[in-house]
**Student:** 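I'd like to ask some things about the structure below.
Sequence positions, counted from 1, serve as the residue numbers for this chain. The analysis underlying the following values was restricted to heavy atoms, covering all of them including side chains, and did not include hydrogens, waters or symmetry mates. One-based numbering, in listed order, for ligands and for the atoms of each.
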Amino acid sequence: MLISGKPFRTLWLSPEDRRTVKIIDQNKLPWSFEIADVRTVGEMATALKDMQVRGAGLIGASAGFGMYLAALESLGKTDFRSHLRECADVLIRTRPTAVNLAWAVQRQMCSLESCESAEEAVETAMRGAIEIADEDAEACRRIGEHGMSLISRMAERKGRGKVINILTHCNAGWLAFVDYGSATAPIYAAHDLGIPVHVWVDETRPRNQGARLTAWELAEHGVPHTVIADNTGGHLMQHGQVDLVITGADRVTRNGDVANKIGTYLKALAAYDNQIPFYVALPSSTLDWSLSDGLTQIPIEQRPGEELSLVEGIDSSGRLTQVQLLPDRSPIANYAFDVTPARLVTGLITENGICSATTEEIESLFQFERV
Ligand code: MRU
């Protein structure tokens, strides 16, 4: 995607030093666009845990590169395989809900286990990491094409020149992937084709990924949007101001239950009550074929209370600052994700096409990938 007219991905291998992974530090956005260097697997684990890199696709790609850094670290070690296994565990433990993380680490480990030497492991892990990142970008591009035709049909039905209002929650934009995004890919594609779209952006407490990240990237691309408080969506839906909801996903079970940022379930309920289509966009790396009940089987990350009690922003002199919202003694519960049952999901937008959130349709869309 373009940042001030210059094309960027969210992470890449430094062309000057192939031992360094470059990331966009998302904790600095939207106030400052900063690129950070990641040189060790420990630094990658910290970047994941502290959410300098975040979003399902991007944490998968970051973990892929994390395994490459692990392979570099294993050079000269007598038992390079056990070092790789330890690093795989460290990376997998950083974030529990988005399945892309474990998926990418396991994919890397599958090829690394058969390497004869640490040198071979370095080459294999680098190739694997680049492939994971490229595939993520390509999957999101295709999600954009499929989702765009949905928006285009909706625009035809609504009438020429009428704006399609799309509500999204959190950031399933290009910042959450390597490029394009999942929920935003259809929006960017429709906008680029001249279909008039407007996005309602949920602020997404407590970390405000909607207000900070989605709003920023939509603005960079020139997509009309409005940031709303998280509780506003239902009201807008009741008043005919939402045509379509598209969210991303952190993990989707094989029966179509969707784990996504906390608050997604409430949006799905409101959409259902107002007969508004509720679509979830995801690459197949977010599908967890081993699970069949999202509510009981998907681990829900709980994050530090400070995310809720402290709000970060810039003050009137442009200084980044934090202020406390709550009384000191009040306990805090900070669940990062919730599960939307498949019955509330109108459809899944994937790189292979759009299907309903049912085992049969998901399996038929991905029948070759499963073996
Ligand atoms: O905690 P985060 O920021 O890593 O959460 C992930 C998300 O941004 C959302 O849940 C998103 O909609 C799915 S990730 C494409």
**Student:** Mind checking who shares a hydrophobic cluster with Leu320, ILVMFWY linked at side-chain heavy-atom distances under 4.5 Å?
**Tutor:** Trp31, Ile314
**Student:** Less than 4.0 angstrom from a charged side-chain N to a carboxylate O is my criterion; do Arg205 and Glu203 meet it?
**Tutor:** no
**Student:** Anything with a heavy atom under 4.0 Å from ligand 1 counts, so go ahead and list those protein residues by chain and number.
**Tutor:** Met51, Arg54, Gly55, Ala56, Arg95, Cys170, Asn171, Ala172, Ala176, Phe177, Gln209, Gly248, Ala249, Asp250, Asn260, Lys261, Phe337
**Student:** For the pair Glu351 (side chain) and Ser284 (backbone), establish whether a donor and an acceptor sit closer than 3.5 Å, ignoring hydrogens and angles.
**Tutor:** yes
**Student:** What residues form a salt bridge (Lys or Arg N to Asp or Glu O under 4.0 Å) with Asp338, not counting sequence neighbours?
**Tutor:** none
**Student:** Name all residues meeting the salt bridge (Lys or Arg N to Asp or Glu O under 4.0 Å) criterion together with Glu131; count only those two or more places apart in sequence or in a different chain, and write none if there are none.
**Tutor:** Arg107
**Student:** Output the distance between atom CZ (Arg153) and atom CD1 (Ile164), rounded to the nearest 0.5 Å.
**Tutor:** 12.0 Å
